[in-house]
Amino acid sequence: MRTATRPGRTRIWDRFAASDPGLLRLMAGLRTVGAIALTLAVLALVGAGKTHLVAGSIAAMAATFAIKEKQRRQQAVTLALGLVVALAAMSLGALLSTHVVAGDLFFLALIFAAVYSRRFGDRGTALGLIGFQVYFVSLFVRAGVPGLPGLCGTLVVAFVCSALVRFVVVPETPERVLRRLRAAFRARLAQLVSAQIELLDAGPDRVEKALEEVRRHTARLHESAMMIQGRLEEGTSDRATAALVQRRIADAEIAAERLGVLILTARSAERADTLTLHLPNAPVPAASDRLRAQDDTTAILRRDLEALRLLVLRPVAEDRGTGMAHVRNRLLGYRDEENLPRASAAVQDVFRGIGETGRSVLGLRLALDGPQDESDDTPSTTRSREELDAEDVAIAGSEEAEEDAHDPTGWKRPTTRTAVQVSVGSALAIVGGEFLSSQRWYWAVLTCWVVFLNTASTGEILVKGYRRLLGTVLGVVAGALLASLVGSHTWTAFALVLLFIFAMFFTAPLSYALMSFFVTAMLGLLYTLLNTYSTGVLVLRIEETALGATCGVIAAALVLPVNTDRRTDELLATVLKRLGEVTGAAVDQLSGGPAIELLDKARDLDTALDDLRSSTQPLTHPITPLRARRQTARYLVALLETCAYHARSLAATAELLPYSKTVAADPRLKGAGRRIAHNIDVLVARVEDDDTEGVAETGPSLASMLETGRPGLPRHDRVTDRVLRHLQRLDEGVIGLARPLGVPVSTSTDTASRGPAA
């Protein structure tokens, strides 16, 4: 019974770890709740009243979640500076409590400074947030000069407890975070393979759902890869190790995504378009009879996919004996055309894809777990190890170049513009809030402040304000029910407050509306503790929230506005430029040019694409009335994701050139890549200047252009079929982008446009 339960628990934990990469949300929630609980315990021991308990809780929460720096020394310095800022904010809040106009003016100045300080990085952001939050606490508990010493003592207790929990009770180091992120990547990679098995077995009535699962797990694997990328420098011993892990993660991600495309192609009547894996609700390709559920080849394919999944999850400590070695050797043998079953070319491609994915998993295990037993290796496995070793040597000896980021100045700097907008919106919220309630006006200011966090356009602020209002309305209902049940049971109320705070932090990255629900329900309990609860207070909370969101939207729309179209156009141009840089550099290297660091450029492309995806949320939101624009935005993002996948694959293949026996430079590729580069330049010009007259060019397939270059020369001796497929799909994707962007497309008959291969 015990042995049967343990695998079940392991599967549940793997699913949880994959849903929360690196356990970042779990640890953030535990640290915050732990800091608040310790603060409450200390204050209760010294006999503090409810006002100090509430103030200490909010201060401990702010001191914990505001600090985002990764190194412990930096966190300690910021925490110490934060205590000074908190004491100053509380003192000024108490001193200005009887001077309404002066207090409001100072609050506006504090809001401007808190937002403007974001330009100074994580520390500036943290200090600004702590200053604003503690001043808000002074308003919430109605701090006055007589009670100032006790409140300052409460702040000291809260910050000390936050430090103890952060550095002693729930310690966090970059190395530990990176280790958990790598475990999450493995779990998500295994989940993607499981989804691909489901796609293989899905009948006609379930194939659409199975394909959607593959899409979801592909996106989640990419999310994990991006999170690891952001932690590599701090979580590894040196830059060479960071580059090696980055390379192995990229290899595994690309190979797994390609395997999904190959499986979809094998069960389809024609070659599946990569776009199908990136476009939500894309039509399912027509099925073929290449793979039948009871077919022997399908059974072997299913067995090998299960073996691949086991290879991903199997810890190195348990990787002993000949069993796993036999599985690994069999999968890697497919790379050398060993034991390929008699089947169609599309089905054989799936087996080759399994071999390539197995090779990437081997590289991942070597990079993350160190050397392993090689006594049972076959020649194909030995060759894979030699390739990986050669890559390791090349990565260790490479030098990384750094580029200086362009920093705009003046009003164009996002922090300056946002600081002015928040200040104007907060001023409107103060005036309007005073009309609603002279006691609770600050709730409108808080909402106006919050809707500007992590937003960059009017549309994003509108969507965030709507979600906050929805969560607030539902939270008011829950708060009213809980307040009537809790009554005067102080510690029961605080226990629920801790539960809601944990839920708030755990759900924040998933749903802003859900986070707002937990915040409002928690506030209902805090009002109960302060003996100021009433249904009217919670209804006022809704009114102040609606007012604050409205003031934020007005300020964003009228003061130095950045409309959604302008924001998305800027980010779209950035993505296209990054795409051109990655593609151009990869094609140049595949043509025999000098070797450069390509994966960093590919990750810059991924980061820009993530920013674009976030900025299009107002256009793709379900409540938007512009249905056609929503479909266009989704289509554009999906096409860009497809192009980014092919660009990443080209970059990964180009980096194999110095040590691969299967990929060789081919000068003809330079000419084949010119059309792609030209078309990307035309798209960028169109996005940046609507009046441009550039024309995108299309024509013969890139593969046919290469084949006509030097008749009689075996193509695979110069460039692999995979490179040609990626180039062809990238060419098609760029042409696909031209149409929704309004760029005319012409079929080129000029031989010059075909490059020297024509």
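- No side-chain N or O of Thr64 forms a donor-acceptor pair with one of Thr32 less than 3.5 Å apart.
- Separation of atoms CG (Leu609) and CG (Leu572) is listed at 10.0 Å; rounding is to 0.5 Å.
- Proximity of Ser516 to Leu470: side-chain heavy atoms (C-beta onward) are nowhere separated by under 4.5 Å.
- In this structure, Phe112 and Tyr116 have parallel ring planes: the angle between them is below the 30° cut-off, well short of the 60° mark.
- Contact record, Leu155 with Leu83: O-CD1, 4.0 Å, taken as the closest heavy-atom pair.
- For the pair Gly103 and Tyr135, the tightest heavy-atom approach, listed with the atom from each and the gap, is O-OH, 3.4 Å.
- The pair Arg603-Glu253 counts as a salt bridge, with a side-chain nitrogen and a carboxylate oxygen less than 4.0 angstrom apart.
- In this structure the side chain of Met504 reaches within 4.5 angstrom of the side chain of Met61, judged on heavy atoms.
- Considering all non-hydrogen atoms of both residues, Leu151 and Ala143 come closest at CD1-CB, 3.4 Å.
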Assess the residue pair Met90 and Thr154 against the criterion (side-chain contact (heavy atoms from CB on, under 4.5 Å)); give the C-alpha distance rounded to whole Å, side-chain angles, the decisive distance to 0.1 Å, and a yes or no. CA-CA 11 Å; Met90 180 63 76; Thr154 298; over 6 Å; no
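- With contacts defined as side-chain heavy-atom distances shorter than 4.5 Å, the pair Val77/Arg123 qualifies.
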Steps toward side-chain contact (heavy atoms from CB on, under 4.5 Å) verdict (Trp443, Leu540): CA-CA 9 Å; Trp443 288 122; Leu540 178 64; 5.9 Å; no
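- Here the straight-line distance linking atom CG of Leu498 with atom CG of Leu40 works out to 6.0 Å at 0.5 Å rounding.
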Could you check Phe506 against Leu26 for side-chain contact (heavy atoms from CB on, under 4.5 Å), going step by step and ending with a plain yes or no? CA-CA 6 Å; Phe506 195 79; Leu26 175 65; 4.2 Å; yes
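- Classification of the Phe140-Tyr442 ring pair by plane angle, with boundaries at 30° and 60°, yields perpendicular.
- Of all heavy-atom pairs spanning Leu110 and Phe132, the tightest one is CD2-CA, 4.1 Å.
- In summary, Arg216 and Glu213 engage in a salt bridge, as defined by a charged side-chain N under 4.0 Å from a carboxylate O.
- Arg166 is listed as a side-chain neighbour of Ile67, based on a closest heavy-atom distance under 4.5 Å.
- Residues Glu544 and Ser437 bring no donor and acceptor atom of their side chains to less than 3.5 Å of each other.
- Contact record, Ser117 with Gly128: OG-CA, 3.8 Å, taken as the closest heavy-atom pair.
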Stepwise side-chain contact (heavy atoms from CB on, under 4.5 Å) check, Phe435 with Leu547: CA-CA 11 Å; Phe435 282 105; Leu547 174 65; over 6 Å; no
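- In summary, Glu212 and Lys209 do not engage in a salt bridge, as defined by a charged side-chain N under 4.0 Å from a carboxylate O.
- Rounding to the nearest 0.5 angstrom, the gap separating the CZ atom in Arg613 from the CG atom in Leu640 is 9.5 Å.
- Closest non-hydrogen pair, Met226 versus Asp606, comes out as SD-CB, 3.4 Å.
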